Amino acid sequence: MKKRTGVKVATAAFLTLIALTGSGTASAKTTYKAVSASKNQLVDIVLKPRSQSAMGSYAYQVVTPSSKNYHKYLTSKQVSSKYGQTTAKVNALKKYLKKYHLKAGVYSGNMVMVVKGSTKNVEKAFKVKLYNVKSNGNSYQKAKGTPKLPTSLQKSTMAIFGLSNYNSMSENGKVQTKGQYQPQVIHKRASIITNSDSPQKFIAKYNLGSLYSNGNEGNNRTMGIITFANFHPSDATKYWRSENIPAKKNRISVYRTNGYKGSWYGYDESTMDVEQAGAIAPKANIRAYVGRSDVTGMVNSVAAAVGENKVDTLSISWGQSEQQVAAEIKLGTTPKQYNQIMNLLYAQAAVQGISVFTASGDSGAYDGIQEGQSPALNVDMPASSPFVTAVGGTTLPKSYQVDGKTIKITKERAWSSDFLYPNYKKQEFFSKSAKLASYFTGTGGGFSRYNKTPKYQRGFSGVGTYDVTQLWQIKSGSINLLKKAKKVSGNKTGRNVPDLSVNADPNTGYSTYISSASRAGKNGQWYIAGGTSIAAPQVAAASAVMSSNTKSRLGFWNPQIYRFAKTSSSPFTVLDSRTNNSNLYYTGQPDKKYNQATGLGTVDFTKLLAKFKSQK
C-alpha cells in the first residue's frame, strides 16, 4: 500500500518540453526457493455472505428517510446473523483447519476468517506449495497451485489469499540517517508556524466553527484510522498542545492487526492522520488500526475496525491505483475478488452506520504513475469503492513566482501543479521519479474500471460526462508534455471519483509535528504538509463533530450528500470553471454540479449539518 501524502512542489525556474520514459525494468532471471517449513503464515479465508446485494441495498435503506429501516443501523453481530456466513459453516471450517494444527478466528460479521500456522501445515491444509520468489529486483512469496478446501467447505468461501503476498508500498523514498528514519522529503520545514498553517484554517474555510457550540467537539465519538506504520502518540499530543487545541487526554488507542508490531516506514503519514483528525474533533477518541502493508493487512484492518464497531468514522489515507491492483492480480499475489471483498467490508460499515472516508490520490488523474506500471489514466483504490466517500483536494488562493512573473491563484481551484510547469525549465532532476513527482502532483479523480456508476451518482448533473484539458501525450510507455494543451469533452461510465474536495495542496497546507522514529521527541521538526491524505482524516473528523451534534451516527454519506447537492440550498460550492481548475486532465464542467477534478465541490459544514438534521 502506498501512502497518499502530498509533495511540496518545487518552484525553481523553467519552461520546457520533457520526455519521460516508462519505468519498466529490464527482464532478469526469476528464482524460486521453498519457504521454510516452520515459518509462521497468515492466511485469509473470505466467507461468502448470504447476500452481498441485499446488504448493499440495506446500506441505502438506513440512510433513506422514506425507508422503514431509516437509521436502523445493525451491530456487527446482527450483520453476522443476517448477512454473514452461518455459524455452522464457520465452525466446520475451524474443525477442518484444527486437524492441521492451524488456529482460526473470524472477525465479527462472519465475512473474514484469519488462519495462522506453520508453512508445513498451511501447505497441507490448502494443498499448495509456498516459494520465495525473486524477480526484477522484487522479492515476494507465492503459492504454487490453487488453494483448495474440501468441496463442502469450498462452497462457503469467496476467496483464499495471503499464501502469496507482495508488499505494494515502495520504500524508494525512505531516508535513513545514522540509523534513524526521517520523514520523506514531502514537507517543507516551517521556521515559524502561524495561524495560516493551523487546522483552524480548515475550520474557518469550510464553516465548521458553529458546530462546536454547546461543547459538541466530537464528544462520545471515536474516529478510526487505517494505517500501515507506527507513530508516536506523544507527537500528536505535543502538536495539539502547541496549536492550542484543547484535545481530550488519553484519547489514542492502537489496534495491532493480527498482532503486527508495525513498521516505521511511512510513520509520517500515520502521525499526520492522527494529528489532523484529532485537531478537527478535539474531544473525540482516536483508534488506529496498524497492519501489514499489503492486501491482507488492508482487508484484516478494515475487517477488524468494522467488526469491533467501536468507531463512528473511518479514515484511510493509503491505497493503490486500480492498475496496480490489476497487475498484482495478474501476478497472483492479490485475489481476483479483491474489489468485491473490499466492497463487502465497506458495505458492512455502511449498514452499521460507520462513515468511511478515503483519500482520492495525489498524482492527479494519473494515479499510481510512480508504481512502475505503464502510465495511464487511473483512480485509486479504495477511493473507487461505491461505499466510501472519496475526498479530493483543492488549492487555496496564493501568489507564486513562475518563470520570473507573479502568478496569482485568486480563488479556490482543483489542486494540481500545472500552473507551475514553466518553473521546471531550469530545474535539475536527479531521477525519473523526481520528475514524475513534480509534474504529476494533484488531486486524484476520474472513472473506476472496477465499479459501475453507483445508484446515487446515476443521472446526477455532470456524472458520466467530462471536460478535459489534455497536457500530456502518453503512448507506448513514453510520457510527453504537449506543446499546446488540447481541450476534449466526452462521456464515460463507471464510479466517478472523488465525491467532494477540500484544501490539500502542500503549498497552502497545514502544520504538522514529527519526531524521530528511533525515539519519541528526538529531533522533532515542524513541517507544512498537504495531500488528500490530510484531507480525508480532516473530513472524517468533521463528520465526528457533526455526529456529536446529531447524537447519532451519520452513516453512509454518499446517498445523502448527492441528494443534498440537488437542492437549491446545496451545502456544496461547485468548482465548475473550465480553465485553471484541472487535476492534470479533468476540469470543471460549466453549469454542471459534478466534475472528476473536485466532485461535488467544497463543503459548508454548517449547511451540511442542517441538511442532516432536516431529514425525517
Side-chain angles (χ1 to χ4, degrees), residues 1-4 7 18-36 39 41-43 119 128-147 161-176 181 184 228-229 263 265-266 292-298 318-336 338-339 361-363 366-381 429-440 449-450 474-480:
M1 298 295 160
K2 61 178 176 292
K3 52 196 173 71
R4 294 302 184 195
V7 178
I18 65 168
L20 303 176
T21 59
S23 53
T25 309
S27 61
K29 183 179 179 180
T30 300
T31 62
Y32 297 83
K33 183 180 179 180
V35 176
S36 170
K39 180 181 178 181
Q41 297 290 335
L42 175 67
V43 183
T119 299
V128 295
K129 184 68 178 176
L130 302 183
Y131 291 92
N132 290 318
V133 182
K134 289 187 176 181
S135 179
N136 291 331
N138 295 318
S139 299
Y140 53 94
Q141 179 177 292
K142 189 171 183 180
K144 182 178 181 181
T146 302
F161 67 98
L163 297 163
S164 300
N165 58 64
Y166 184 87
N167 187 332
S168 53
M169 179 175 65
S170 170
E171 298 192 9
N172 292 331
K174 184 168 61 179
V175 179
Q176 187 173 10
Y181 293 123
Q184 292 177 301
F228 300 97
S263 164
Y265 171 77
R292 280 184 357 192
S293 178
D294 55 22
V295 295
T296 306
M298 176 67 89
W318 302 67
Q320 304 162 283
S321 70
E322 288 192 336
Q323 186 163 291
Q324 175 69 20
V325 171
E328 291 182 18
I329 290 173
K330 186 176 181 180
L331 186 66
T333 57
T334 291
K336 63 182 180 180
Y338 180 61
N339 182 65
D362 296 340
S363 297
Y366 302 91
D367 190 75
I369 196 167
Q370 297 184 68
E371 290 173 335
Q373 305 301 318
S374 298
L377 294 171
N378 252 300
V379 293
D380 193 71
M381 294 180 76
F429 294 105
F430 295 99
S431 67
K432 186 188 304 178
S433 63
K435 280 186 176 181
L436 291 172
S438 293
Y439 278 94
F440 290 89
R449 70 176 70 179
Y450 279 106
I474 299 179
K475 189 176 182 180
S476 301
S478 67
I479 311 173
N480 298 286

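For reference, positions follow the sequence shown, starting with 1. Quantities reported herein were computed from a predicted structural model and do not represent experimental measurements. Just the heavy atoms: all of them, side chains too, but no hydrogens, waters or symmetry mates, feed the values below.
For the residue pair Ser438 and Phe429, the shortest heavy atom distance occurs at OG-CE2, 3.3 Å. The two atoms that bring Ala437 and Gln370 nearest to each other are CA-NE2, 3.7 Å, heavy atoms only. For the pair Leu163 and Ala143, the tightest heavy-atom approach, listed with the atom from each and the gap, is CB-CB, 3.9 Å. Heavy-atom minimum distance, Lys129 versus Ala34: CE-CB, 4.3 Å.
The CG atom of Asn339 sits 12.0 Å away from the OG1 atom of Thr334 when rounded to the nearest 0.5 Å. Atoms CD1 and CD, from Ile329 and Gln324 in turn, are 10.5 Å apart once rounded to the nearest 0.5 Å. Tyr366 OH to Ser321 OG: the interatomic distance, rounded to the nearest 0.5 Å, is 14.0 Å. With values rounded to the nearest 0.5 angstrom, Ile369 atom CD1 is found 13.5 Å from Asp362 atom CG. With values rounded to the nearest 0.5 angstrom, Thr296 atom OG1 is found 5.0 Å from Phe161 atom CZ. Atom OG of Ser135 and atom OH of Tyr32 lie 7.0 Å apart (nearest 0.5 Å).
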Run Glu328 and Tyr338 through side chain to side chain contact (heavy atoms under 4.5 Å, CB included) and show every step you take.
CA-CA 10 Å; Glu328 291 182 18; Tyr338 180 61; over 6 Å; no

Please report the C-alpha distance between Arg449 and Asn378 in whole Å, then the side-chain angles of each, then the deciding distance to 0.1 Å, and finally whether the side chain to side chain contact (heavy atoms under 4.5 Å, CB included) criterion is met.
CA-CA 8 Å; Arg449 70 176 70 179; Asn378 252 300; 3.4 Å; yes

Decide yes or no on side chain to side chain contact (heavy atoms under 4.5 Å, CB included) for Tyr450 and Val325, but give the supporting numbers first.
CA-CA 10 Å; Tyr450 279 106; Val325 171; 4.1 Å; yes

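With sequence neighbours left out, the side-chain contact (heavy atoms from CB on, under 4.5 Å) criterion links Thr146 to no other residue. In terms of the side chain to side chain donor-acceptor pair (under 3.5 Å) criterion, Thr333 has no residue partners (sequence neighbours excluded).
With a 6.0 Å radius and a threshold of 12 heavy atoms from other residues, nucleotides or ligands, Lys39 has its NZ atom above the threshold.
Between Gln141 and the choices Thr119, Val133, Val35, the side chain to side chain contact (heavy atoms under 4.5 Å, CB included) rule is met once, by Val35.
In this structure, Lys142 contributes its side chain and Leu331 its backbone to a donor-acceptor pair below 3.5 Å.
You'll find the side chain of Gln320 stays beyond 4.5 Å of the side chain of Met298, heavy atoms only.
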